[in-house]
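Written below as structure tokens is the structure these notes are about.
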Amino acid sequence: MQKDYAELLRQLASGELATLQITTDEFMEFQSAYMNFESRKKIVGEAQANGIIVYHFENGPPK
């Protein structure tokens with residue numbers, strides 16, 4: 001089943017999701033949705049082991 005990354009990003013921004021984990025296999029498809037997401041500058045990713053990136057929505061002004 002293919003993930004709806006645009007919807008997952010919307011849920012992340014609204015607070016329905018606290019984090020979103022993306023694997024290396026998902027990254028290229030995710031990147032397309034991410035680049036088209038209006039609030040992408042508030043979505044912060046943190047690299048983890050094995051190429052996994054965990055994204056969260058940053059509230060408040062950019063640091």
Side-chain angles (χ1 to χ4, degrees):
M1 179 183 217
Q2 190 171 356
K3 291 183 180 179
D4 184 347
Y5 294 107
E7 175 61 18
L8 291 170
L9 288 166
R10 186 199 63 74
Q11 290 176 6
L12 192 63
S14 72
E16 293 175 58
L17 289 177
T19 61
L20 175 59
Q21 182 174 302
I22 300 297
T23 65
T24 55
D25 293 338
E26 299 174 294
F27 184 75
M28 292 308 292
E29 189 175 340
F30 167 79
Q31 182 71 3
S32 177
Y34 173 78
M35 292 307 292
N36 290 314
F37 192 69
E38 187 175 313
S39 300
R40 73 179 174 272
K41 292 188 179 195
K42 289 193 166 230
I43 296 178
V44 179
E46 183 177 317
Q48 305 291 310
N50 300 317
I52 294 172
I53 304 173
V54 177
Y55 290 91
H56 70 274
F57 192 77
E58 186 174 85
N59 290 316
K63 294 179 182 178

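By convention here, the first residue in the shown sequence is residue 1.
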Relative to the ring of F30, is the ring of Y55 parallel (under 30°), tilted (30 to 60°) or perpendicular (over 60°)? tilted

Please name the pair of heavy atoms, one in A33 and one in A6, separated by the smallest distance, quoted to 0.1 Å. CB-N, 3.8 Å

If you look at every heavy atom in R10 and F37, which pair is closest and at what distance? N-CE1, 3.7 Å

Side-chain donor-acceptor pair under 3.5 Å between Q2 and E29, yes or no? yes

Between S14 and Q11, is any side-chain donor less than 3.5 angstrom from a side-chain acceptor? no

Intermediate values then yes/no, side chain to side chain donor-acceptor pair (under 3.5 Å), Y5 and Q31: CA-CA 9 Å; Y5 294 107; Q31 182 71 3; over 6 Å; no

Please answer: with hydrophobic residues joined when any side-chain heavy atoms are less than 4.5 Å apart, are L12 and Y34 in the same cluster? yes

Hey, quick one: are L20 and M35 part of the same hydrophobic cluster, counting side-chain heavy atoms closer than 4.5 Å, chains of contacts allowed? yes

Give the cluster check for F27 versus L9: same hydrophobic cluster or not, with ILVMFWY residues linked at side-chain heavy-atom distances below 4.5 Å. yes

E38 atom CD, neighbour heavy-atom count above 12 within 6.0 Å: no

Test your reading of the model: is there a side-chain donor-acceptor pair from E7 to the backbone of D4, 3.5 Å cut-off? no

Run the side chain to side chain contact (heavy atoms under 4.5 Å, CB included) test on F57 and S39 for me, step by step, so that the C-alpha distance in whole Å, both residues' side-chain angles and the decisive distance to 0.1 Å come before the verdict. CA-CA 9 Å; F57 192 77; S39 300; 4.0 Å; yes

